[in-house]
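So that the names make sense, note that chain A is the first sequence line, chain B the second, and so on, each numbered from 1.
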2 protein chains.
Amino acid sequence: MTASRAGGPRERYRAQVRAEIKEAALEQVASGGAGAVALNGIAKRLGVSGPALYKYYCSRDELLTELILDAYADLAAAVTAAADATAGAPARARLHALAAAYRDWARAHPQSYLLLAGPPSPTYQAPPETVDSARAVLGPFLSVLAQLRPGPGAAALRAQLAGWAQTTPAVAEWVHTFAPDGDPGDMLTGAVTIWARLHGIVALETVGLYTGMGFDPAALLDAEVDALADGYGLP
Amino acid sequence: MTASRAGGPRERYRAQVRAEIKEAALEQVASGGAGAVALNGIAKRLGVSGPALYKYYCSRDELLTELILDAYADLAAAVTAAADATAGAPARARLHALAAAYRDWARAHPQSYLLLAGPPSPTYQAPPETVDSARAVLGPFLSVLAQLRPGPGAAALRAQLAGWAQTTPAVAEWVHTFAPDGDPGDMLTGAVTIWARLHGIVALETVGLYTGMGFDPAALLDAEVDALADGYGLP
DNA sequence: CGCGTTAGTTATAGACTCTAACCGGAGTTA
DNA sequence: TAACTCCGGTTAGAGTCTATAACTAACGCG
């Protein structure tokens, strides 16, 4: 038949080489951003010449998507770990911890974070999986926001998100798995809000737009988390 | 001597061609993002062949910086126009207007906004002027935030920014030109905060990470502006 | 009018993505 | 065990791009 057997040695070798390619590509990303990923360079690094890589990834963009999905998974794991580590703590403290974990991941892998923040090449078309992966990062935040009560200014947003959860069962289930009790509309509002605040702060910091402004991004992040907790009644 | 005279016809022709190059490059950005900017393509479009462009821009990166600076200036103009148009209105309404102007500009020129949001090429090194230009966008916001009183959660951030304004005369002057009365620490805190919130919302929307989530980014933006006004005491 | 600066040309080097055609060996199967 | 079949790897090459070098022609200035 076409493909070699599922657990066969051919398959395992293939998986290992794909991992090595990804590893080399990740180094290139770390050193020069998404644009620095060059199949030529990776091939040289692996002691293999040129087009051999196309046996493993049928295009550069496919390799980049894999990197993006991995980065999302890594970021989600970091946030999830923070959620687990603070399991019993009060909601506000947990939110601070999750936000710090998010920012710390971005500071540890700045170029990877930029990879998530924008399409890397003109030919690149983001596949729908990336949107799902991005959403996976939000999950742990939901579990921290069960007691959130958005204020009147967010009423319109809350209504829209509540409607989304009601009309889309998958969303309702997703919210339910992370926080069984708590209003979906409230929690989704909080998750989207903190996501946008986080991304704004971290993206500006990563790009370097804070340079020369005499403040610590961590202070801004703390202030924003507190502002959310204060404004939306998080204990 | 070396350069032709300041107002001479040579100089004017040169300026015009540079503008045409930038215009073509801007179209490429609009259609495919920063990575789609190709000197070859621009040359073809202008009916000129290849290396002629290097007489006008000594590298692709220099052209990109020019595009970035222009984009910042354009965005700043849009925000400034909104500030002027709402001169007498209450602070909260003005803040809503400025935020909407910011987002509208990004929606009108999504790829240009992405250009501001991240370094476009591996070789690209953002010159310090871009940081200054980015800061120019914040100016109009300062003039709207004179009555802002950040809460206790932002105390650390406020102190840092107040110190920055005190030790750096240029910053103090900058703040003073946009809002003669009002505490610099308070206003800078508000400006940085609203900047990060704006960028977070608009960047996620522009990249397309909200797709499939049943809410209108405008509702999120309104909620965030109201939350800032409520939390930090803006009338 | 003549000199020098400058806009434009072609040729070329170097890097990159990706396709095509072709070996050789390893895994699979009878 | 022997034959068959994929599959990983190779080289060659097309086509794209940035950027440099060397040269030509025209334009403006004094």
Side-chain angles (χ1 to χ4, degrees), chain A residues 1-22 24-25 28-29 31-67 119-125, chain B residues 1-22 24-25 28-29 31-67 119-125:
Chain A
M1 289 301 162
T2 61
S4 49
R5 278 219 333 280
R10 222 80 180 253
E11 191 80 7
R12 301 202 336 185
Y13 179 68
R14 182 179 177 80
Q16 189 197 329
V17 175
R18 274 178 75 106
E20 281 176 28
I21 293 174
K22 256 189 343 195
Q28 291 183 328
V29 167
S31 74
V37 174
L39 298 191
N40 246 334
I42 297 175
K44 241 164 223 152
R45 186 182 209 73
L46 298 203
V48 177
S49 258
L53 300 188
Y54 285 87
K55 296 291 161 74
Y56 297 93
Y57 289 96
C58 65
S59 83
R60 178 176 177 273
D61 283 1
E62 187 188 312
L63 173 58
L64 283 178
T65 29
E66 197 109 332
L67 289 180
S121 88
T123 70
Y124 186 83
Q125 260 305 52
Chain B
M1 286 303 160
T2 63
S4 49
R5 277 220 337 280
R10 223 80 179 256
E11 191 81 7
R12 303 201 336 183
Y13 179 69
R14 182 180 176 78
Q16 189 197 329
V17 175
R18 273 179 75 106
E20 281 177 30
I21 293 174
K22 256 189 342 194
Q28 291 183 328
V29 167
S31 74
V37 173
L39 298 191
N40 247 334
I42 297 175
K44 241 164 224 152
R45 186 182 210 73
L46 297 203
V48 179
S49 259
L53 300 189
Y54 285 86
K55 295 292 159 76
Y56 298 91
Y57 290 95
C58 64
S59 82
R60 179 175 177 273
D61 283 2
E62 187 188 314
L63 173 58
L64 283 178
T65 354
E66 197 110 331
L67 289 181
S121 89
T123 70
Y124 186 82
Q125 260 306 52

* Structure fact -> Atom CD of B:Glu20 and atom P of C:dA7 are separated, to the nearest Å, by 14 Å
* Sequence-aligned protein contact record of nucleotides 8-18 of chain D, with B where the base is within under 4.0 Å of a protein heavy atom and S where only the sugar-phosphate is -> BBBBB----SB
* To the nearest Å, give me how far apart CG (B:Leu53) and P (C:dA7) are. => 12 Å
* Could you check if a side-chain atom of B:Glu66 sits within less than 4.5 angstrom of a side-chain atom of B:Arg18, using non-hydrogen atoms only? => yes
* Asked: Would you say the side chain of A:Ile42 lies within less than 4.5 Å of the side chain of A:Leu63, judging by non-hydrogen atoms?
  -> yes
* Whole-Å gap separating C1' (C:dG8) and CD1 (B:Ile42) -> 17 Å
* Structure fact -> CD of B:Glu20 to CG of B:Leu53, rounded to nearest 0.5 Å, is 11.0 Å
* Closest approach of B:Gln28 and B:Ala38, non-hydrogen atoms and distance? -> OE1-N, 3.0 Å
* Structure fact -> What one should report as the nearest heavy-atom pair of B:Ala24 and B:Arg45 is CB-CD, 3.5 Å
* Asked: To the nearest angstrom, how far is B:Arg12 atom CZ from C:dA7 atom P?
  -> 15 Å
* **Any donor-acceptor N/O pair, B:Arg14 side chain to B:Lys55 backbone, under 3.5 Å** => yes
* Between atom CG in A:Asp61 and atom P in C:dC16, what is the gap in whole Å? -> 16 Å
* Asked: Which whole-number value in Å describes the distance from A:Tyr57 OH to C:dT19 C1'?
  -> 20 Å
* For the pair made of CD in A:Gln28 and C1' in C:dC16, what is the distance, rounded to whole Å? -> 12 Å
